[in-house]
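Atom set for the values below is all heavy atoms of this structure, side chains included, hydrogens, waters and symmetry mates excluded.
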Amino acid sequence: MTDALPTLISRNPADPADVLLRIPAPGAFAAVDTVERARVAQPGWLRAGAAARSAALGAVATAVEAAADELAGLAVREVGKPLSEARAEVARTAAIWRYYAQAPFAPTGSVHETSAGAGLLLTRRRPHGVAALITPWNFPFAIPTWKAAPALAAGNTVVLKPAPEATACAERLGEIVRRAVPEGVFTVLPGGATEGDALVSAADVVSFTGSTPVGRAVARAAVARGIPAQAEMGGLNAAVVLPDADIEQAAHHIAASIAGYAGQKCTATSRVIAVGAALEPLREALSEALRSLPVGDPADPATVCGPLIHEGARGGVLDACRGLVTLAGGTALDGRGWYAAPTLVEKVSPGHRLLREEVFGPIASLLPADDLAHAVRIANSVPYGLVTSVHTADLNTALHGLDRLDTGMIRVNAPSTGVDFHLPFGGSKASGHGPREQGTAALEFYTSGRTYTLAPAG
């Protein structure tokens, strides 16, 4: 007799008594069977041609737009995303599907002359087969989309395993996509680690977004099988503020990057590095900006900082600031949900967990730096390298320091949060493994290159 499969439960973070979904996990055998069904469907999806794939992705974009209010409301309820951000995510989701709807018509190779004699040399990119997508809960529509859309456009079939906390959102997205594509081309596989491990063991290419330990395990498993893998993992992102910066603007941008969606973004700012004379005015402006941010019900359009995803996440924020000098926040908020006040701390010792680990919540450390070179050393001193924001009025100064920052993305006079889906996205060090996501880089990842030699017969 075997043990019963675990139950997947999705709760409303703003009201934990509100259970959206309670289903049994399908298990490892079901995961492998799902991959095999996707593998059977893949050749037909590719043979259908560029026009069919383009039309299907365009139809998904149109359907997402038509269901925008419903989808935004579901993200608010299931993952606690503030309504304004949920609406923006849904709009971006539709835009991503529409962007990749043109990709099936893009060139898939090139023609070259031979080095000697008659004939031609061709390069061509072909799909891998079945793409396994393992996605987090914090962007329940956009992240599955920016993985699935290029994979499908290139001719792969897709099996999506969402985080358990975002299962209802993924299932709803799956309903929309399945109406536009043939059976077996896009499948949502609910589950946890068991299903994720089985998926990695069976698929032909893997794309993962989540924590660094799990991402590294996924990458190791994929390398052992010899299949392509990309893993977008954690961040410990810095905002560098120079003395000539517009301090009020910088404080506004950084506060939003610390506390927007309760800091539950891999691109959130968790370290604020004030250079020289910027420290005192920034301390005051940023503390005030954080205290004034609307915190509360994510269904309220004015809310910026909603609940954390679960009770343990809130506890992690409160534990991290214990014993430190707190300039703003540092407390739990009253209510049924898992709320914490946006928090800024200072005088953080170099070995403190806030300067070593990603605490996925609305909390950041204020750190002084003597000059730009010192600020760059501080920014680079952590295991992660996803994104850095630099705030200055002098573009030459910003550019001088940019090449020394070891992050995958650098944003000047802008929040650290925010993604341009038509450009490569990813980080260095413990923040990323493998090729970049999004833009045309994604199309390259979901295909393999081949070189053909065409010589005349006889």
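Here the straight-line distance linking atom CG of Leu293 with atom SG of Cys305 works out to 7.5 Å at 0.5 Å rounding. Atom CZ of Arg87 and atom CG of Leu71 lie 12.5 Å apart (nearest 0.5 Å). Distance CD/Glu36 to CZ/Arg39: 4.5 Å, rounded to 0.5 Å. Expressed to the nearest 0.5 Å, how far CG of Leu282 lies from CD of Glu248 amounts to 9.5 Å. The CH2 atom of Trp338 sits 6.5 Å away from atom CZ of Arg11, with the distance rounded to the nearest 0.5 Å. Once rounded to the nearest 0.5 Å, the distance linking OG1 of Thr417 with NE2 of His253 reads 9.5 Å.
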- Task: Any chance you could lay out the side chain to side chain contact (heavy atoms under 4.5 Å, CB included) test for Thr343 and Leu290, step after step, and finish with the verdict?
- Result: CA-CA 7 Å; Thr343 300; Leu290 286 170; over 6 Å; no
- Message: Is there a side chain to side chain contact (heavy atoms under 4.5 Å, CB included) between Val200 and Ile134? Walk through the geometry before answering.
- Response: CA-CA 9 Å; Val200 173; Ile134 302 174; 3.7 Å; yes
- Test log, rule side chain to side chain contact (heavy atoms under 4.5 Å, CB included), inputs Phe445 and Glu437: CA-CA 8 Å; Phe445 171 71; Glu437 294 195 273; over 6 Å; no
- Take Thr269 and Ile258 through the side chain to side chain contact (heavy atoms under 4.5 Å, CB included) test and state the conclusion after the steps. CA-CA 5 Å; Thr269 296; Ile258 293 170; 4.1 Å; yes
- For side chain to side chain donor-acceptor pair (under 3.5 Å), just list the numbers for Thr388 and Thr407, CA-CA rounded to whole Å, side-chain angles, deciding distance to a tenth of an Å, and then say yes or no. CA-CA 7 Å; Thr388 304; Thr407 54; 3.3 Å; yes
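Inter-residue side-chain proximity for Glu232 and Ile143 is flagged as unmet; no heavy-atom pair is nearer than 4.5 Å. At a threshold of 4.5 Å between non-hydrogen side-chain atoms, the residues Thr212 and Arg216 count as touching.
Here the closest heavy-atom approach between residue Glu171 and residue Arg178 is recorded as O-NH2, 4.4 Å.
Counting only distance, with no hydrogens or angles, the side chain of Gln42 and the backbone of Asn156 share no donor-acceptor pair below 3.5 Å. Between the side chain of Arg411 and the backbone N or O of Pro415, at least one donor-acceptor pair lies under 3.5 Å. Side-chain N or O atoms of Arg225 include one that pairs as donor or acceptor with a backbone N or O of Ala203 at under 3.5 Å. A donor-acceptor pair under 3.5 Å links the side-chain atoms of Glu195 to the main chain of Gly192, judged by distance alone.
Ion pairing between Glu89 and Arg92 fails under the 4.0 Å rule for side-chain N and carboxylate O. Lys265 has a carboxylate O that lies under 4.0 Å from a charged side-chain N of Glu85, or vice versa, which qualifies the two as a salt bridge.
Residue pairs that meet the ring pair (Phe, Tyr, Trp, His ring centres under 6.0 Å) test with at least one member in residues 63-100, sequence neighbours left out, are Tyr99-Phe421.
Thr93 and Thr145 share no side-chain donor-acceptor pair at under 3.5 Å.
Annotation: His310, atom NE2; neighbour count of heavy atoms from other residues, nucleotides and ligands within 6.0 Å is above 12. More than 12 heavy atoms of other residues, nucleotides or ligands sit less than 6.0 Å from atom CD of Glu175.
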